[in-house]
A.B. asks: 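Take this structure, written in structure tokens, and hold onto it; I'll ask about it next.
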Amino acid sequence: MVARNEGPQVLRGLPASPGRVRGTARVIASTMELHLLQPGEVLVVPITSADHDETLGRAAALVTDVGAGGSHSASEARARHIPAVLGTGIATRCISDGMVIEVDGDTGQVTLPEGAAPIPTGFRPRVPYKFAIGAGAAAALALVRTLTH
């Protein structure tokens with residue numbers, strides 16, 4: 001039996017796109033499940049790619065396990081004017097489908113409802129860190145390596 005906390009739990013990540021939304025979470029583990037996201041739901045995924053672009057048009061907000069300010073997730077959320085909190089490390093493990101959560105893209109906080117399971121500590125992201133640096137940073141690193149060799 002998992003102990004439940006009395007007050008709301010708060011996940012912390014990187015504020016990537018401003019705004020605040022309270023909505024129903026849809027946790028998507030695979031691009032094969034993207035069709036499950038309903039308009040106005042909060043998309044919760046390990047990481048995004050171009051495969052998520054059409055789906056992001058239906059999302060009210062975005063929460064990821066991995067991501068940074070220059071990542072695909074951040075740029076797509078800003079382009080679509082939806083709040084985003086990235087790089088939480090554990091969102092897909094702490095948030096359940098149908099859970100009503102609040103995403104604050106200004107502070108980088110995701111508030112879970114009262115009674116949610118305690119947020120674990122000492123986590124390891126599911127996706128290797130190298131994928132979190134974003135395409136722009138990866139391209140710059142590749143250019144530096146090319147010019148210095």
Side-chain angles (χ1 to χ4, degrees), residues 2-141:
V2 176
R4 303 287 180 192
N5 285 356
E6 295 301 318
Q9 297 288 308
V10 177
L11 284 175
R12 287 176 175 70
L14 302 170
S17 184
R20 179 184 273 176
V21 165
R22 183 177 177 84
T24 303
R26 176 67 62 186
V27 182
I28 304 287
S30 161
T31 56
M32 300 298 290
E33 300 173 344
L34 290 174
H35 68 280
L36 298 173
L37 182 75
Q38 298 300 308
E41 290 183 326
V42 177
L43 179 61
V44 181
V45 292
I47 193 169
T48 67
S49 68
D51 294 332
H52 294 81
D53 289 354
E54 184 179 323
T55 305
L56 284 168
R58 296 192 309 265
L62 174 64
V63 179
T64 68
D65 289 340
V66 177
S71 68
H72 176 267
S73 303
S75 62
E76 286 297 320
R78 286 190 294 266
R80 296 170 191 284
H81 305 287
I82 61 172
V85 176
L86 311 180
T88 65
I90 54 174
T92 57
R93 289 187 275 170
C94 294
I95 299 172
S96 304
D97 260 351
M99 188 180 275
V100 177
I101 62 174
E102 184 173 296
V103 179
D104 190 333
D106 296 314
T107 64
Q109 295 184 340
V110 180
T111 305
L112 309 184
E114 289 187 26
I119 296 171
T121 59
F123 66 87
R124 288 183 143 195
R126 291 182 178 177
V127 180
Y129 180 76
K130 66 182 179 181
F131 292 111
I133 63 174
L141 181 60

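All residue numbers in this chain count up from 1 along the given sequence.
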A.B. asks: Against Leu62, only a single residue in Thr55, Val85, Leu43, Val103 fulfils side chain to side chain contact (heavy atoms under 4.5 Å, CB included); can you say which?
C.D. replies: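 Output: one option passes, namely Leu43.
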A.B. asks: Just wondering, are more than 12 heavy atoms of other shown residues or ligands nearer than 6.0 Å to CD in Glu33?
C.D. replies: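 Counting other residues, nucleotides and ligands, CD of Glu33 exceeds 12 neighbours.
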A.B. asks: Report the distance from atom CG of Leu34 to atom CD of Glu54, rounding to the nearest 0.5 Å.
C.D. replies: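 One gets 9.0 Å once the value is rounded to the nearest 0.5 Å.
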A.B. asks: Heavy atoms only: give me the nearest Thr92-Val45 pair and the separation to one decimal.
C.D. replies: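 Smallest heavy-atom distance, with atoms named: CG2-C, 3.5 Å.
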A.B. asks: How far does CG of Leu11 sit from CG of Leu112, to the nearest 0.5 angstrom?
C.D. replies: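 Answer rounded to 0.5 Å: 5.0 Å.
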A.B. asks: Taking NZ, NE, NH1 and NH2 as the nitrogens, is one of them in Arg58 or Glu41 under 4.0 Å from a carboxylate oxygen of the other?
C.D. replies: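 Not counted as a salt bridge, because no side-chain N and carboxylate O are separated by less than 4.0 Å.
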A.B. asks: Under a 4.5 Å cut-off applied to non-hydrogen side-chain atoms, are Asp106 and Pro18 in contact?
C.D. replies: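 Contact flag for Asp106/Pro18 side chains = yes.
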A.B. asks: Within the structure provided, determine whether Pro83 and Arg20 are in side-chain contact (heavy-atom separation under 4.5 Å).
C.D. replies: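 Counting from C-beta outward, Pro83 and Arg20 never come under 4.5 Å.
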A.B. asks: Looking at Gly67 and Leu14, what are the two nearest heavy atoms and their distance?
C.D. replies: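 That would be O-CD1, 3.4 Å.
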A.B. asks: Quick check: closest heavy atoms across Thr48 and Ser73, and the distance to 0.1 Å?
C.D. replies: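 Closest pair (atom of Thr48, atom of Ser73, distance): OG1-OG, 2.6 Å.
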A.B. asks: To the nearest 0.5 angstrom, please state how far the CG atom of Asp51 sits from the CE atom of Met32.
C.D. replies: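 Asp51 atom CG to Met32 atom CE measures 10.5 Å (nearest 0.5 Å).
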A.B. asks: What I'd like to find out is whether the side chain of Arg80 reaches to under 4.5 Å of the side chain of Asp53, using heavy atoms alone.
C.D. replies: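 Side chain of Arg80 against side chain of Asp53, heavy atoms only: contact under 4.5 Å found.
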A.B. asks: Would you indicate whether the side-chain heavy atoms of Thr88 and Val63 approach each other to under 4.5 Å?
C.D. replies: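 Side chain of Val63 against side chain of Thr88, heavy atoms only: contact under 4.5 Å found.
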A.B. asks: Is there side-chain contact between Val21 and Ile82, with at least one heavy-atom pair below 4.5 Å?
C.D. replies: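 No - every pair of side-chain heavy atoms lies 4.5 Å or more apart.
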A.B. asks: If every non-hydrogen atom of Ala74 is compared with every non-hydrogen atom of Ala16, which pair is closest and at what distance?
C.D. replies: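 Smallest heavy-atom distance, with atoms named: CB-CB, 3.9 Å.
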A.B. asks: Let me confirm one number: the CE-OG1 distance from Met99 to Thr24, rounded to the nearest 0.5 Å.
C.D. replies: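 Result: 11.5 Å between the selected atoms.
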A.B. asks: Could you tell me which non-hydrogen atom of Ala60 sits nearest to which non-hydrogen atom of Gly40, and how far apart they are?
C.D. replies: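 Heavy-atom minimum between the residues: CB-O, 3.2 Å.
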A.B. asks: Any heavy-atom pair between the side chains of Val42 and Arg26 that's under 4.5 Å?
C.D. replies: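 Sidechains of Val42 and Arg26: no contact.
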A.B. asks: Could you tell me which non-hydrogen atom of Ala25 sits nearest to which non-hydrogen atom of Ile101, and how far apart they are?
C.D. replies: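 Looking at all heavy atoms of both residues, the closest pair is CB-CD1, 4.0 Å.
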